Q: 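Quick one: the structure is below, questions incoming.
Below, chains carry the letters A, B, ... as their sequence lines are ordered, and counting in each starts from 1. Any value given below was found using the heavy atoms of this structure, including those in side chains, with hydrogens, waters and symmetry copies removed. None of the values given here were measured: they were computed from a predicted structure.
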Amino acid sequence: GDADRDPAEAAPLRIAVVPKGTTHDFWKAVHAGAIRAEQELDDVQVIYRGPEREDNRDQQISLVQNLISSGVDAIVLAPLDQHALVPSVRLAAQAGIPVVVFDSRLAAEVGTDYVSYVATDNLEGGRIAGRRMGELLHGRGRVLLLRHAEGSESTMRREEGFVEALSAFADIELIDPKRYSGVTTATAQIASESLLTAYDDVDGIFCANETSTFGMLLALRGRDLAGRIRFIGFDANAGLVEALELGEIDGLVVQDPMGMGYLGVKTAVAHLRAQDVELRQDTGVTLATRDNMHEPDIASLLAPDLDRYLNQ
Amino acid sequence: MSAVPPRRQPRLEMAGIAKRFGATVALDAVDLRVGRGEVLALVGENGAGKSTLMKVLSGAVRPDGGRIAIDGAPFQPADPLAAREAGVAMIYQESNVVPDLTVEANLILGVERHRLGFITRAAHRSRIRAVLARLGRPELPLDARAAALSPGDRQLLEIARALLTDARVLVMDEPTSSLGLAEIARLFEIIEGLRREGVAVVYISHFLEEVQRVTDRYVVLRDGRVVGEGPTADTTVADLVELMIGRRLPEMFPVTQRTPGAPVLSLDGVGVGGRVNRVDLTLRRGEILGFAGLVGAGRTELLRAVYGLDPIVSGRVTVAGYSGRKRLPADRLAQGIGLLSENRQAEGLALGLSVGHNMLLSHLTPFARWGWLRTGQMRRAVERWMAELGIRAAGADQAIRELSGGNQQKVAFARLLHHDVDVLLLDEPTRGIDVASKAQIYDWIGRLAGRGKAIVLVSDHVPELLGVCDRIAVMHRGRLGPSRPAADWTEHDILTAATSGEAAA
Amino acid sequence: MSGAVRDPWGAWLRTLAPAMTLAVAVLVFYAIPPHPPLTAFDLRLVAVHAMIVGTAAIGMTVVIISGGIDLSVGSAIALVSVAAALVLEDGGGVGLALVVALGTGALCGLYNGLLITALRLPPFIATLGTLGFYRGVAKWISGSIPVTAPTQGLDAWVSPIPDPPWLLVAPGVWLMGALGIGFVLMLRYSVLGQHALAIGSNEATARLCGIRVARTKVSIFVLAGLLTGLAGLMQFARLTQGDPTVAIGLELDIIAAVVIGGGSLSGGQGSIFGTLAGAVLMAYLRNRSTVLGWPNFVEEMIVGHIIIVAVAVDRWRAGRAT
Amino acid sequence: MSGAVRDPWGAWLRTLAPAMTLAVAVLVFYAIPPHPPLTAFDLRLVAVHAMIVGTAAIGMTVVIISGGIDLSVGSAIALVSVAAALVLEDGGGVGLALVVALGTGALCGLYNGLLITALRLPPFIATLGTLGFYRGVAKWISGSIPVTAPTQGLDAWVSPIPDPPWLLVAPGVWLMGALGIGFVLMLRYSVLGQHALAIGSNEATARLCGIRVARTKVSIFVLAGLLTGLAGLMQFARLTQGDPTVAIGLELDIIAAVVIGGGSLSGGQGSIFGTLAGAVLMAYLRNRSTVLGWPNFVEEMIVGHIIIVAVAVDRWRAGRAT
Ligand SMILES: Nc1ncnc2c1ncn2[C@@H]1O[C@H](COP(=O)(O)OP(=O)(O)OP(=O)(O)O)[C@@H](O)[C@H]1O
Ligand SMILES: Nc1ncnc2c1ncn2[C@@H]1O[C@H](COP(=O)(O)OP(=O)(O)OP(=O)(O)O)[C@@H](O)[C@H]1O
Ligand SMILES: [Mg+2]
Ligand SMILES: [Mg+2]
């Protein structure tokens with residue numbers, strides 16, 4: 001209900017999309033999805049703005065508040081933290097700006113504080129990875145876990161799910177030195193390399209996001225261990241897909257970031273146009289393997305056609 | 001002057017004070033006694049240990065041995081504050097002004113009176129005013145940043161600071177090095193007053209005439225030992241010098257044969273940043289031209305501008321044989337002009353670097369092949385100059401910071417010699433230098449002129465100008481008077497010209 | 001002396017300069033189509049976004065004036081926010097949280113000060129070391145995850161829309177302003193302030209004049225630590241949680257604020273008001289580039305240059321003045 | 001006399017000090033149960049991890065000796081890595097990539113140098129500004145995502161296991177070592193080196209001695225920029241992609257390396273070998289704390305203090321020497 005801000009109905013709806021970061025293929029795909037929605041729905045304008053680093057909560061808060069003040073019609077937000085962003089989201093509600101939350105939980109009342117929650121079940125994503133790892137190792141062996149970053153909620157839930165699923169296999173020993181890869185590929189690479197010198201005799205490895213997976217992949221290559229150790233990662237980018245093809249990675253748990261961006265914007269617009277929307281929408285997680293990676297629906301998840309939406 | 005005989009119990013007594021820096025023995029069991037109302041002259045060559053001895057007294061340097069007593073009470077200052085509270089005030093040789101503080105803040109620094117941590121200005125104002133009046137500068141702006149003061153005023157500020165703490169012992173380490181004559185005269189009056197109040201004054205200076213005028217007794221240091229003392233009245237400058245350097249000094253101002261040649265440097269209508277205006281001047285080969293003037297007259301600005309360190313706002317400088325407009329220091333050096341800075345500490349020398357670095361820095365080309373340096377040759381060059389000028393240092397690698405003032409100045413002078421420039425702009429070349437070294441530098445100046453070099457000598461010390469220069473010009477409020485042969489000047493004429501501006505025709 | 005007359009002017013100009021830069025920035029941004037209006041709400045936001053940097057920067061100004069620098073402030077803020085959160089999580093009251101926050105901040109400052117004086121370390125090094133140390137401690141005591149705790153009304157102090165509304169801006173902002181004034185007076189009229197200036201301007205002289213340099217430096221760092229503590233508490237209130245990874249790299253923003261405000265890293269110079277103006281300026285830029293819908297990289301490129309321009313203009317004026 | 005004798009000693013000690021600290025660190029960590037062995041591979045790894053920081057730190061040493069500092073080096077590395085990646089992505093050869101990398105690095109250095117000299121900005125400020133600017137440009141030209149490109153064998157230069165194996169460590173590490181020696185000679189025996197030293201220890205004197213200060217400073221920053229370019233290329237080779245977010249905060253590691261190695265931020269002091277030892281020391285600590293299975297926060301707490309201890313020991317020795 002922003003009639004007071006733009007009386008002319010003709011003026012396009014300005015939908016702000018706020019990812020957790022701006023510099024990963026994952027968020028690029030979200031962006032592409034949002035643009036796709038923008039193109040399908042008429043007179044909608046998408047504003048895509050994120051914090052510099054994937055762990056800068058304070059900056060994301062400022063960002064949301066600034067967007068509120070710039071009078072956008074709705075905000076589609078991937079909160080960096082389930083608690084930290086709550087006041088800002090409530091602030092938006094006060095200002096009459098509906099919020100759609102995607103990718104990660106927000107510890108507030110869906111339906112009252114925000115319109116809808118569009119996400120994948122990160123816990124489930126982790127479980128899928130864990131079960132797959134179990135199968136790959138035929139239920140016995142040692143599995144190393146490289147954690148992503150301190151205080152990153154979504155990845156922690158994936159790690160949680162992975163550990164849980166793995167615990168079903170009695171003969172699999174989980175090695176979790178509580179080492180965090182840090183938020184960039186370079187830090188992940190260094191952490192992985194050092195970790196591998198201590199644990200180069202493991203049978204399996206799991207990483208819970210794009211940067212840590214890629215960093216670990218590089219480390220494995222550096223030691224000629226790629227393909228020898230069962231390796232399951234999370235999310236996809238060109239490099240990771242290639243590695244999957246080469247069998248250096250045995251599985252990538254992929255979400256549908258493009259779907260999230262698309263659905264997020266669509267939901268926001270639907271709400272603004274007074275249609276009722278689902279409170280919870282799951283865009284699903286799938287395990288991409290060397291075998292199924294060429295099936296069209298999986299392929300589109302692994303390598304979404306970003307250019308079609310972003311480069312123009 | 002009537003020497004008050006020291007009482008039974010001296011005001012200040014230092015016994016067996018010893019201090020080494022690394023292997024340098026700065027002080028070797030020095031004894032010193034100063035009575036109430038006595039003014040003691042502490043003299044000696046550069047590096048004799050004068051400043052170090054006094055820094056021991058003021059708590060700035062911790063001695064290796066010896067004991068101090070004030071009015072009979074043993075006294076071991078933990079730090080300068082302790083010394084100050086015990087009634088020891090010191091005017092250090094190096095400038096000790098905080099540029100970013102106001103004049104007032106500088107004066108009360110460290111001894112602020114306050115309520116709940118907030119300074120009570122009123123408590124200070126009256127005393128400050130009184131002291132400044134006593135120094136003859138009541139108009140000195142208390143709220144101005146100290147950075148805006150001329151060196152002269154900065155030195156006055158430090159004297160005022162010392163006077164503010166009503167001291168029992170007052171140490172003055174070369175207090176007149178950048179004071180004009182008027183200020184110096186007033187300082188001596190003040191010392192008289194202190195003497196009457198029973199303050200023990202230690203007066204360090206290389207101006208032995210001053211020493212003769214103000215002090216009752218003298219103590220001569222050489223290589224950290226006391227080599228002689230006695231009533232100033234029964235001695236002569238010559239005797240003091242002999243005690244200081246261990247031999248009779250030949251002629252102070254050696255006469256050298258030289259004939260003025262072609263002009264090398266000429267200024268017409270040169271003006272610098274508002275403080276210096278319409279200066280005309282012609283400098284010839286083989287001549288020594290002196291600039292007299294009061295502190296703040298603008299001589300330093302003029303030299304700095306000619307050398308290209310400050311911008312010239314009007315007029316032009318022509319260097320013989322160069323038509324181009326290049327006027328950065330690098331260009332000036334290339335054109336054969338060199339400047340000796342008046343400010344050793346902040347500009348003249350890189351205190352952190354070695355003697356060798358400082359000496360050769362401006363002229364590395366002779367040692368460079370394809371931009372790479374031949375260090376062996378460099379070392380030999382440095383050692384040669386050290387020998388030539390008798391620079392007392394542990395070696396070419398010793399940090400210049402560790403040298404005594406005079407030796408530092410010699411290094412700065414050696415730089416110009418090494419660079420072998422044709423025009424030497426010397427701003428206070430003998431500031432803080434002992435007599436023997438002065439004689440040496442005068443000798444060098446004479447020889448250089450004899451070799452056809454042109455020299456500009458800025459000095460506050462009129463006898464020096466009269467003794468060394470061929471021609472002398474007086475600067476007054478940024479205007480340079482006509483230059484006349486030294487013979488046509490008397491000390492009195494120069495002073496009147498410097499104060500009034502009339503070049504007494 | 002000409003100097004005497006000239007100088008107050010220069011000082012006056014220096015004081016006003018950042019405010020002017022700010023004004024210019026406002027106009028410049030308004031000139032950009034579509035000429036986004038500067039709503040009251042915008043101003044409130046900018047104020048709140050400048051609050052944490054500003055508060056910490058007040059302390060940093062004193063440190064920098066005394067010739068020091070504190071790179072650990074970002075980590076210290078994180079540590080304080082975690083400490084406060086832990087207290088509140090254990091059911092401690094706001095009062096206790098405040099005490100703990102200030103205490104933690106002061107301790108960080110004290111440790112920095114002792115390293116610098118007792119070990120004679122350059123402040124840059126000492127605080128570069130503690131930058132890692134405090135961050136590590138923050139992660140340690142928080143178990144490496146954000147500690148969510150009841151804010152007990154602390155959030156009201158930092159919410160952009162103040163309550164009661166007649167406050168115009170968040171109470172935290174008023175607090176920052178009050179502290180700013182207090183520290184201006186402290187610097188100009190207190191012994192500590194003058195000694196800080198003296199040490200920053202010429203430490204050797206300060207020592208010879210009998211200033212207890214070490215003691216003074218430690219006090220300055222503790223003082224700055226108290227402000228860091230306050231900033232940390234504000235950070236907690238904003239996040240409603242103690243976040244061990246918050247404020248990474250914030251030290252650079254804080255130092256930038258001081259320098260934009262006319263502070264000199266070689267010591268002896270700095271203006272509290274200037275610093276606050278600097279903090280507001282940066283927050284304002286971020287706000288505008290969001291309102292104008294610029295992509296992140298444009299913002300980064302511009303904010304970077306604003307720092308350069310602001311200081312260049314300042315230097316240029318100073319250069320002309322002397 | 002003493003000085004002549006003592007000084008070289010002091011200098012010698014200073015040069016060896018970091019190596020000794022390093023040796024001590026090795027022993028200390030070996031003393032910790034379960035006494036993790038220091039395998040050849042560990043050493044290779046540490047060398048590679050120190051390589052990027054070390055290479056950039058060589059340039060930083062010169063900058064710091066000349067009294068400057070460069071906060072933008074991390075961003076510049078990211079920018080270079082992206083630029084190189086773009087070239088290779090377009091099918092450019094290794095040669096071209098190298099040229100572009102060095103060129104980009106030199107340009108960054110040139111820009112820093114010009115800001116500092118032409119605008120008379122303090123290096124800290126100028127490079128604080130360009131820190132944001134270069135990062136922004138990197139994100140801009142990369143479209144804000146890592147640019148993956150064929151490494152064309154560049155990765156062989158930085159892979160922990162060198163090929164041929166008799167190289168013992170990666171070629172990139174040898175390159176760093178060679179550059180280190182080159183710069184030691186440059187500092188000690190070249191005119192530029194002496195001028196850098198002079199400017200760093202007293203700029204006024206340098207000017208008085210006719211050194212073209214501005215020109216020299218610019219050359220120093222360009223020189224450092226070339227090394228940054230090389231470091232950026234190494235970074236690309238390690239990641240096999242140009243990542244605009246890489247090396248955030250790396251400037252602090254690089255500066256730390258210089259300072260641990262005996263560099264003084266007030267200029268006039270610094271040792272290339274010391275710097276390299278410092279870089280290796282930090283990499284070694286990180287490696288050990290991982291091998292020992294310590295959580296990150298322990299590592300952060302310890303690395304922080306190593307910096308402090310290393311410098312404190314250095315100061316203490318220096319203090320005793322005089
Ligand atoms: N900090 C220091 N480190 C090493 N040596 C020093 C230090 N200070 C002084 N010296 C040495 O101690 C000796 C005495 O120095 P001092 O400054 O006391 O001489 P001085 O009599 O004051 O000379 P001047 O008349 O030039 O001031 C000199 O040889 C000097 O080199
Ligand atoms: N009132 C002032 N304000 C600012 N700077 C000053 C002032 N007076 C002097 N200076 C600076 O102090 C330095 C020395 O100038 P000074 O006043 O001593 O003139 P001078 O004629 O050279 O005196 P001296 O006899 O010391 O050579 C100059 O570089 C000048 O810039
Ligand atoms: Mg002396
Ligand atoms: Mg002068």
Q: Can you tell me which portion of Leu218(A) sits under 4.5 Å from chain D's heavy atoms? Options are side chain, backbone, both or neither.
A: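 Just the side chain, heavy atoms under 4.5 Å.
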Q: Is chain A contacted by the side chain of Ile248(D), its backbone, both, or neither, given a heavy-atom distance below 4.5 Å?
A: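 Looking at Ile248(D), just its side chain touches chain A.
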Q: Counting heavy-atom pairs under 4.5 Å with chain A, which one of Val158(D), Ile161(D), Leu239(D), Ile52(D) comes out on top?
A: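 Greatest number of close heavy-atom pairs with chain A: Leu239(D).
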Q: Write out all chain A-chain D donor-acceptor pairs shorter than 3.5 Å, or none if the list is empty.
A:
residue   : atom : partner   : partner atom : Å
Lys28(A)  : NZ   : Gly143(D) : O            : 3.0
Glu52(A)  : OE1  : Lys139(D) : NZ           : 3.0
Arg179(A) : NH1  : Trp294(D) : O            : 2.6
Arg179(A) : NH1  : Glu299(D) : OE1          : 3.4
Arg179(A) : NH2  : Thr290(D) : OG1          : 3.3
Arg179(A) : NH2  : Glu299(D) : OE1          : 2.6
Tyr180(A) : N    : Asn296(D) : OD1          : 3.0
Tyr180(A) : O    : Asn296(D) : ND2          : 3.2
Gln189(A) : OE1  : Arg238(D) : NH2          : 3.4
Gln189(A) : NE2  : Arg238(D) : O            : 3.0
Glu193(A) : OE1  : His49(D)  : NE2          : 2.5
Glu193(A) : OE1  : Arg238(D) : NH1          : 3.2
Glu193(A) : OE1  : Arg238(D) : NH2          : 3.0
Glu193(A) : OE2  : Arg238(D) : NH1          : 3.1

Q: Does any heavy atom of chain A fall under 4.5 Å from the side chain of Pro295(D), the backbone, both, or neither of them?
A: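 Backbone plus side chain of Pro295(D), per the 4.5 Å heavy-atom cut-off to chain A.
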Q: Can you tell me how far CG of Leu310(A) sits from CD1 of Ile145(D), rounded to the nearest 0.5 angstrom?
A: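 Spacing of CD1 (Ile145(D)) from CG (Leu310(A)) equals 8.5 Å.
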Q: Counting heavy-atom pairs under 4.5 Å with chain D, which one of Ala198(A), Pro177(A), Ala186(A) comes out on top?
A: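 Of the options given, most contacts go to Ala186(A).
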